[in-house]
Each structure stands twice: as structure tokens, then as C-alpha cells.
Amino acid sequence: MALKNTNPTTTKAWQKLTDHFNENKNINIKDLFKNANRKEEFSIEFNDLHLDFSKNRITKETLSLLVELAEEVDLKDAIEKQFNGAVINVTEGREVLHTALRSTSEDAVLVNNKNIKPQIQTALRKIKSFSNKVISGKWKGYTGKSITDIVNIGIGGSDLGPDMIVESLQFYKNQLTTHFVSNVDGDHVSEIIKKLNPETTLFVIVSKTFTTQETITNAETIKDWFLKSATIFDIPKHFVAVSTNLEAVNNFGIDKANVFPMWNWVGGRFSLWSAVGLSISLSVGFDNYKALLNGAEEMDLHYRNTDFDKNIPVILALLSIWYNNFYGAETEAVLPYSQYLKKLPDYLQQAIMESNGKGVDRNGDKINYQTGTIVWGSTGTNMQHAFMQLVHQGTKLIPADFIGYKESLYGLTDHHNKLMANYNGQINALAFGKSKEEVHLELKTTGNQDKIATLLPFKVFEGNRPSNAILFDKLTPKSLGKLIALYEHKIFTQGILWNIYSYDQFGVELGKELAKKLLDK
Ligand code: G6Q
């Protein structure tokens with residue numbers, strides 16, 4: 001049941017891709033658009049999602065060779081193994097089953113010969129009834145008042161996902177105010193505490209292990225602060241936990257009834273679909289939370305069942321490999337044209353860089369090709385006034401994902417038209433640039449003929465800078481679930497092709513150990 005183990009650079013497809021790259025590396029996106037049908041030929045519609053990947057340095061042949069590579073390393077087999085619960089996180093001896101968390105099918109998924117679907121359903125019911133109680137005001141604090149504030153205490157996978165989703169779904173939020181405490185920097189927790197009333201605040205301690213230094217330190221500080229006005233008998237009304245470590249949760253003083261489960265077959269950075277997402281459900285209500293999961297499931301089914309040349313996560317993964325491993329691109333930008341998605345780049349940095357930032361392959365051998373891409377970004381249009389200069393005219397090749405929505409949520413169409421004109425304007429500027437001739441003509445027709453000699457080279461845009469347009473109808477819990485699952489599958493696909501293990505994260509340990517030693521001195 002183990003994953004296959006193929007060095008991608010030794011495959012036939014890789015050799016063909018290398019030859020193809022050497023012959024075609026100077027192709028220009030502008031020339032490719034001489035084909036009037038290019039946009040249609042390199043676009044995919046999937047319900048409310050439209051992917052336009054026409055503005056890439058690829059031909060039909062590039063795509064078919066990349067698909068050949070995916071087939072040669074048997075991506076299909078790897079996808080099935082992941083969905084079916086094979087122990088594909090070999091270095092930690094675990095299954096990787098975040099997809100089971102959002103599956104609505106009746107099919108059993110076995111872990112140690114036991115179907116995990118019933119426990120997932122039980123957890124969902126518990127999230128639902130708890131969220132309903134808190135949101136409706138039936139859940140009372142120690143002085144009989146309803147809850148007004150939620151504080152999620154967690155870090156890494158137990159913080160970034162819920163925080164990003166709560167921020168992104170602000171439009172769908174209820175009356176509760178949600179806060180996130182993560183950093184061990186005491187000023188972080190102090191600033192949050194400042195805003196709280198202990199009588200009306202609910203603390204959700206999210207820690208799979210319940211041993212994470214930052215989370216436990218913040219939780220203890222918060223408990224001490226709480227106990228300045230309340231007693232230990234009031235803790236059950238104000239503290240709940242999401243964890244696998246029942247003993248540690250119990251030692252902290254949290255009531256058994258207030259513990260939501262986590263499982264070893266869900267990795268931290270893929271856990272927002274589990275009870276780790278409790279603060280999402282509290283903040284936007286269970287139905288919206290469930291819609292988020294349903295959107296993710298829709299993408300799961302697409303990923304699992306669609307041919308690679310029409311498969312959105314697979315295509316985005318292959319394009320990323322094309323630029324990373326053939327063109328030598330070092331980074332990728334994620335550029336959402338929605339202020340709601342301002343935390344998406346941070347979230348994706350963990351998901352992508354913790355998963356695929358690996359330097360040894362599945363044999364344990366040092367890798368001699370490039371893996372994990374560096375991902376970064378920010379929202380449009382703000383970033384147009386910040387880093388886009390370098391993307392347009394700098395010396396580096398930076399493929400970019402432009403994420404956009406056809407409709408805005410509040411319906412200010414004038415704003416939205418401007419936003420989307422910028423979205424398309426950036427994409428076109430990157431792809432097609434501005435030639436010497438165009439700059440020449442422009443300077444001439446604007447009466448700046450005398451400046452042509454001095455200004456022309458600085459005003460030229462080479463263009464030929466690739467991007468993908470990921471366009472949804474509207475930002476909804478469901479479309480957001482789809483977007484996040486899309487990136488999760490892109491990550492897995494790249495990990496398979498690079499022959500690495502995407503689901504461990506030993507690289508984060510050494511610094512932690514050294515910090516602990518320094519503290520113990
Ligand atoms: C994610 C990592 C990591 C983890 C945090 C928090 O994939 O495993 O970011 O989520 O270290 O861990 P706990 O939930 O155990 O506190």
C-alpha cells in the first residue's frame with residue numbers, strides 16, 4: 001500500500017520535458033495568443049469556478065508531456081491511496097484523511113480496520129449543537145450572561161486555518177466576536193485580554209497534542225486572568241478544548257464534556273475541516289461551516305475523478321513544476337482580489353512550505369532537483385501599489401495566481417468593476433507587456449518626443465510573465481471550501497511528483513528543541 005517511489009528526473013517524461021523545454025524555452029505568451037481559440041483551449045469550467053490558464057508559457061504539447069509525467073509516477077494510484085486511508089504519511093506512520101472529514105458518501109473509510117465515518121459524524125453533531133447553544137445565547141457564562149466573545153488559542157495548523165476562514169467569511173458572521181491568540185509573545189495575549197470580559201468570553205483551546213509551548217503558555221495565562229474574577233468551578237462554562245490528548249486536557253481542568261476530538265489521521269495544517277474549525281462554526285454558524293466542507297468535498301470529487309488534463313489542482317501543480325523545475329522560478333505569488341482573503345497567503349505559506357519544503361526523497365536520499373516553491377502574496381489592488389513593480393519589471397520570473405470573484409458581496413458595482421478591471425489589467429500587463437514600439441508611439445502622441453531617448457527602456461514591459469486566473473462566481477462558504485481544497489490537492493500532487501513526503505514536518509523541530517534547552521538551563 002506504500003506510495004510508489006520514482007525519482008521524477010529519471011522518467012521518460014522528464015527527459016522529454018527537458019528536450020521540449022530546451023526547444024521551446026523562448027516561447028512568448030503573446031505569440032501563443034495568435035491562436036484565436038487559446039483562451040477557450042486553456043480554460044476549465046467547474047460549476048461556479050472558472051480557471052483560465054491560457055497565459056502560461058505552455059503549448060498543448062507541454063501540457064500533454066506534464067500529464068505524461070504525472071502518469072509515469074502514478075499520481076492516480078497515489079490519489080486513491082490517500083483517499084482510501086493508506087499510511088502515506090510513512091515517516092509518522094499515519095493515514096492522511098482530511099478528505100474523509102468532508103465526505104458525505106456512505107462508503108466506509110478504514111483506519112486500523114475500523115470505519116472512521118461514524119466518529120466524524122458524531123463530532124459534527126457535537127460541533128453543531130454546541131455552536132447552536134452558544135450562538136443562540138442559551139450557553140451561559142458564570143454570571144448567567146450569554147457569550148459575546150470567542151478566543152481561539154492555538155498555533156500553526158491549530159490557528160492559521162480557522163483564523164483565515166473566519167476572516168474570509170466575515171460577511172457571514174453572527175454577533176459573536178472572534179479573536180485568535182497564537183504567538184508566545186506575551187504582548188499578543190495581553191492585547192487580546194484587554195478587550196475581554198471574563199463573564200462573556202468562551203475560550204477554545206485548540207491543540208492536537210496539548211503540549212505545544214505557545215498554546216499551553218497562552219492558555220495558562222488566560223486561565224490565571226480568568227480566575228482573578230471567577231473560580232475553578234466556572235471553568236467548564238468558559239473553556240473548551242479540541243485535542244487528542246484527553247489526559248492533558250483533563251489536567252488543565254477542562255470538563256470531559258467540553259472536549260472535541262482530533263485524530264492522528266488529520267495533519268495539523270489540514271485540520272480546519274475537523275473540530276479544529278470549531279471557532280469557524282461558532283463565528284458563522286454550523287450551516288455555513290458545513291457548506292465550507294461541502295465545497296471542499298466537491299473539489300475532492302473533481303480531483304479524484306477527473307482526467308489530469310482537465311483536473312484543476314493537477315494542472316496548477318504541473319504548471320508550478322514546469323516553472324520551478326524547468327524555468328528555475330524560485331517563488332510563486334498568490335494574489336486574491338478580495339480584501340476578505342487577506343490571510344490566505346499566510347495560510348498557504350504554511351500549507352505549501354511546511355508540506356513540500358523537503359530535501360530528501362521517499363528513499364531518504366538527498367534530492368538533486370528543486371522541490372517546495374516559496375509562496376507569498378497579498379490582496380489586490382493594494383499590492384499593485386507595493387510589490388507588483390518587481391513582478392512586472394524585475395529580473396525574476398514569478399508565476400502568479402490571481403483569485404477573483406465575479407460578484408461582490410455588498411453589491412457596490414462601481415467598486416467591483418474597478419477591482420476586476422485591475423485584476424484583468426494586471427494579468428494582461430504581465431502576459432503581454434508593452435513593446436518598444438508601443439512606448440515610442442505613446443511618448444510621441446503625448447507630446448513627449450524629446451524624452452524618447454532617455455525614457456524608452458524604462459517604460460518597456462517585457463511581458464511573457466505567466467499567471468492563472470482563478471475566478472469564482474461569488475465568495476461563499478462553499479466556494480471558499482473549494483478554493484482551499486484546490487490548494488491542498490495541488491500540494492499533494494507536487495509532493496507526489498517530487499517524490500517527497502508532504503505530510504511530516506520534522507524541519508520545525510530543531511529550533512523548538514534548542515529553545516527548550518535554553519529555557520531548561
Ligand atoms: C501542522 C503542524 C503544526 C501544528 C502546530 C500546533 O501541520 O503540525 O503547525 O499544527 O504545531 O500543534 P498542536 O495542535 O499539537 O498544538
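Numbering of ligands and ligand atoms starts at 1, following listing order. Residue numbers count from 1 along this sequence.
- Every atom of ligand 1 is numbered from 1 in the order shown, and the set under 4.0 Å from a heavy atom of Gly268 is 1 (C), 7 (O), 10 (O).
- Interface atoms of ligand 1 facing Arg269, defined by a heavy-atom separation under 4.0 Å, are 1 (C), 7 (O).
- Under 4.0 Å is where a charged nitrogen must lie from a carboxylate oxygen, and between Arg102 and Glu488 at least one such pair does.
- Ion pairing between a basic and an acidic side chain is recognised when a charged N comes within 4.0 Å of a carboxylate O; Asp361 and Lys366 show no such pairing.
- Between Arg304 and Asp300 there is no salt bridge, since none of the side-chain N atoms of the basic residue sits less than 4.0 Å from a carboxylate O of the acidic one.
- The closest approach between any non-hydrogen atom of Gln350 and ligand 1 is below 4.0 Å.
- Taking the six-membered ring for Trp and thresholds of 30 and 60 degrees, Phe203 and Phe226 have ring planes more than 60 degrees apart, a perpendicular arrangement.
- Close contacts of ligand 1 with Gly157, meaning ligand atoms under 4.0 Å from a residue heavy atom, involve 3 (C), 4 (C), 9 (O), 10 (O).
- Comparing Lys208, Glu354, Glu509 by heavy-atom distance to atom 1 (C) of ligand 1, the nearest is Glu354.
- Taking 4.0 Å as the cut-off between side-chain N and carboxylate O, Lys396 and Glu330 do not count as a salt-bridged pair.
- Below 4.0 Å from some heavy atom of Ser207 lie the following atoms of ligand 1, by number and element: 13 (P), 14 (O), 15 (O), 16 (O).
- Counting atoms of ligand 1 from 1 in the listed order, those under 4.0 Å from a heavy atom of Gln505 are 7 (O), 8 (O).
- The Thr212 neighbourhood of ligand 1 comprises atoms 12 (O), 13 (P), 15 (O), 16 (O), with distances under 4.0 Å to a heavy atom of that residue.
- Taking a cutoff of 4.0 Å between a charged side-chain nitrogen and a carboxylate oxygen, Lys490 and Glu332 qualify as a salt bridge.
- Taking 4.0 Å as the cut-off between side-chain N and carboxylate O, Glu509 and Lys512 count as a salt-bridged pair.
- Per-residue contacts place Gly156 under 4.0 angstrom from the following atoms of ligand 1 (heavy atoms of the residue considered): 9 (O).
- Here the heavy atom of the protein found nearest to atom 6 (C) of ligand 1 is Ile155 O, 3.2 Å.
- Scanning the protein for heavy atoms near atom 15 (O) of ligand 1, the closest one is Thr209 OG1, 2.6 Å.
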